[in-house]
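Everything below concerns the one structure shown next.
Predicted model only: the values in this text are computed from it and were never measured.
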Amino acid sequence: MVSTQEKAERAFLVGADISGNRSAWPARDSLEELAQLARTAGAEVVGSLTQRLPKPTATFYLGRGKVRELKECRTQVNYNLVIFDDELTPNQQRSLEETLEVKVIDRTALILDVFAQRAQTREGRLQVELAQHEYLLPRLAGRWPHLERLGGGIGTRGPGETQLESDRRLVEERIHRLKKQLEDVRRHRSLYRQRRLSEGLPVVAIIGYTNAGKSTLLNAMAGAQVFTEDKLFATLDPTTRRLTLSDKGTVLLTDTVGFIHKLPPRLVAAFRATLEELRDAHLLLHVVDIASDHAARQIRTVQKILEELDLVDKPQVTVLNKVDQLSSDFRQGERKALSRYVRIAGKDPYRVAISATNGWGFNKLQEIMAQALAERMLSLTVLVPYDHPDLVSIFREKGMINRQRFLDNGVLLQGRIPEQYRDLFHPYRLPTRTSPPRQPATPLSGL
């Protein structure tokens with residue numbers, strides 16, 4: 001028997017510590033994450049190399065001596081792919097491939113490859129393809145070395161320039177079509193969001209660093225069946241499910257694409273239609289892998305991306321996930337998680353420790369979600385006549401009931417309701433501080 005399965009590419013990782021860039025992760029830590037990305041893409045990591053630089057060089061990104069060292073490493077580990085942790089210019093990539101005589105890609109190309117594998121919906125595939133074409137466009141010249149004629153004079157004009165220009169035109173036309181298709185998707189999503197908002201259900205968006213457990217949380221809380229795996233970007237396409245917060249109303253819970261360190265700006269732009277889901281969310285659940293050694297950096301990365309998306313002022317609940325990896329006892333793991341979070345991120349009024357895998361802490365999480373959502377709702381007390389059971393149903397489903405009594409002349413409801421229902425309940429509103437007359441409660445069976 002002859003195996004037809006393709007062998008995994010043997011990847012060698014390269015990173016740099018750039019002097020003066022205090023916000024960047026240490027090169028070794030960043031390469032550790034790059035290794036996870038490479039394995040997710042299907043590569044076998046066989047080695048790594050770092051260099052401290054004042055700034056990247058224009059030709060090779062690294063210094064020439066380090067490039068020679070990198071080439072010598074090939075005789076030892078026999079790599080056939082080199083992955084740089086930062087985005088390379090087209091000139092740097094061409095120079096490195098000519099010198100090393102192997103394929104060279106950067107972190108952006110690797111993330112795009114992972115996204116291409118994970119995208120399942122038409123929208124996701126369109127967004128990934130747009131980002132790939134925009135990344136490819138300035139690198140087309142290096143794709144046709146056998147046709148290029150650099151220079152001038154007799155013998156230097158020919159099919160090379162024609163082929164390159166033809167390819168550029170084709171890619172630019174494809175980018176234009178993709179943007180038009182994505183604009184249609186964006187309008188469709190906008191109409192869908194408006195319809196959801198008209199229903200009055202609060203939208204809660206799950207955000208966080210990739211592999212923090214967002215999809216596992218959605219599956220456990222809302223009964224979704226989103227694919228989960230212990231890999232970066234295991235899921236890419238957003239999923240929305242209804243979730244009932246006990247007697248505190250119903251919300252729409254949405255899982256979104258995970259964030260990552262050095263997320264390419266073109267990828268953020270391409271996923272604008274998806275990320276706009278966050279703009280209309282009433283609450284963000286920021287899921288943190290509190291057991292990770294890089295939890296503090298991951299938190300800062302997510303907050304930085306939220307700032308770039310102008311969402312930093314959106315109400316948030318910090319969900320400290322994976323406490324089961326800190327202790328087999330929930331209470332002990334909860335104490336460790338909260339203590340660790342305060343130490344690395346400071347105090348936060350809305351934070352809760354959970355284990356999405358074991359189902360720990362879900363009741364407390366739902367209470368905090370309800371509390372955070374209630375602060376943005378209208379507080380009121382109403383006495384709804386019995387001939388309007390539809391209003392009682394609306395209050396129960398769209399709002400949050402703190403107190404309910406069945407009186408002779410109607411149902412007394414005290415709680416909070418979305419602002420858009422103010423006029424609907426206005427005719428039955430009671431002064432908030434006025435207590436209704438004392439009457440014996442009517443049994444439910446009497447309704």
Side-chain angles (χ1 to χ4, degrees), residues 3-16 27 30-51 53 56-119 128-129 131-148 150 160 163-164 167-168 170-171 174 231-233 260 262-264 266-267:
S3 175
T4 58
Q5 183 177 0
E6 293 184 7
K7 292 184 178 180
E9 292 180 273
R10 296 172 61 83
F12 198 94
L13 312 183
V14 181
S30 192
L31 282 185
E32 181 182 319
E33 183 177 85
L34 188 68
Q36 288 183 273
L37 278 168
R39 295 187 189 101
T40 300
E44 177 188 357
V45 178
V46 296
S48 64
L49 175 149
T50 62
Q51 183 179 22
L53 291 169
T57 65
T59 306
F60 295 111
Y61 189 86
L62 301 174
R64 292 182 181 273
K66 213 65 173 177
V67 173
R68 284 195 296 270
E69 181 183 336
L70 177 59
K71 188 171 184 178
E72 291 170 1
C73 287
R74 189 181 179 190
T75 60
Q76 303 170 16
V77 296
N78 191 29
Y79 62 77
N80 55 12
L81 171 65
V82 176
I83 306 176
F84 275 72
D85 194 34
D86 291 290
E87 185 166 331
L88 300 172
T89 66
N91 180 56
Q92 289 169 337
Q93 187 173 358
R94 284 195 298 272
S95 300
L96 286 164
E97 287 184 336
E98 290 170 0
T99 303
L100 300 175
E101 298 178 332
V102 296
K103 181 169 64 174
V104 177
I105 65 172
D106 55 25
R107 185 184 184 95
T108 299
L110 180 59
I111 291 177
L112 288 174
D113 185 85
V114 173
F115 271 43
Q117 293 182 40
R118 299 298 185 180
V128 172
E129 188 181 352
Q132 286 177 321
H133 278 80
E134 289 181 333
Y135 174 80
L136 173 66
L137 186 59
R139 292 167 170 78
L140 281 176
R143 304 272 168 169
W144 297 97
H146 60 295
L147 295 176
E148 284 181 318
L150 301 180
Q163 182 67 64
L164 290 175
D167 280 357
R168 286 193 183 101
L170 289 173
V171 172
R174 182 60 179 162
K231 288 185 177 180
L232 304 185
F233 300 112
I260 194 170
K262 297 180 181 178
L263 187 66
R266 61 172 53 85
L267 203 55

Nearest heavy-atom neighbours spanning V102 and R74
CG1-CZ, 3.2 Å
Any side-chain to backbone donor/acceptor pair from Q51 onto G15? Under 3.5 Å, distance only.
no
Just so I know, are the side chains of L100 and Y79 near enough to count as touching, which here means a heavy-atom distance under 4.5 Å?
yes
Side chain to side chain, L70 and V14, heavy atoms closer than 4.5 Å
yes
K103 vs Q93, side-chain contact (heavy atoms from CB on, under 4.5 Å): CA-CA, chis, key distance, verdict:
CA-CA 9 Å; K103 181 169 64 174; Q93 187 173 358; over 6 Å; no
Is any side-chain heavy atom of L49 less than 4.5 Å from a side-chain heavy atom of L13?
no
Of all residues at least two apart in sequence or in a different chain, which pass the side chain to side chain donor-acceptor pair (under 3.5 Å) check with E87?
T108, R266
Pairing of K66 and E69 as salt bridge, 4.0 angstrom limit:
yes
Presence of salt bridge, R174 and E134, under 4.0 angstrom
no
What distance separates L88 CG from I105 CD1, expressed to the nearest 0.5 Å?
9.5 Å
Contacts of K71 meeting side chain to side chain donor-acceptor pair (under 3.5 Å) (sequence neighbours excluded), chain-then-number -> none
Considering all heavy atoms of both residues, which atom of V128 and which atom of L112 are nearest to each other, and what is their separation?
CG1-O, 3.9 Å
At what distance, to the nearest 0.5 angstrom, does CZ of F60 lie from CG of N91?
9.0 Å
For Q117 versus D113, what's the shortest heavy-atom pair and its separation?
NE2-OD2, 2.9 Å
Nearest heavy-atom pair of A11 and A43: which atoms, and what distance?
CB-CB, 4.1 Å
Among D106, T89, D86, find the one that has a side chain to side chain donor-acceptor pair (under 3.5 Å) with Y61.
D86
Identify, with sequence neighbours excluded, every residue that meets side chain to side chain donor-acceptor pair (under 3.5 Å) alongside R64.
none
Closest non-hydrogen atom pair between S48 and L31, with its separation
CB-CD1, 4.0 Å
R10 side-chain N/O to V77 backbone N/O, donor-acceptor pair under 3.5 Å
yes
Going by heavy atoms in the side chains, are L62 and T57 under 4.5 Å from each other?
no
Between E9 and E44, is there a side-chain heavy-atom distance shorter than 4.5 Å?
no
L110 and its side chain to side chain contact (heavy atoms under 4.5 Å, CB included) partner, picked from L81, L37, D85:
L37
Looking only at atom types and distance, does a side-chain atom of R139 sit under 3.5 Å from a main-chain N or O of Y135, one as donor and one as acceptor?
yes
Nearest-0.5 Å distance, CZ of residue F12 to CD of residue Q76
8.5 Å
Which heavy-atom pair separates Q92 from A58 by the least distance, and what is that distance?
CG-O, 3.2 Å
Would you confirm whether T99, through its side chain, and L96, through its main-chain N or O, come within 3.5 Å as a donor-acceptor pair?
no
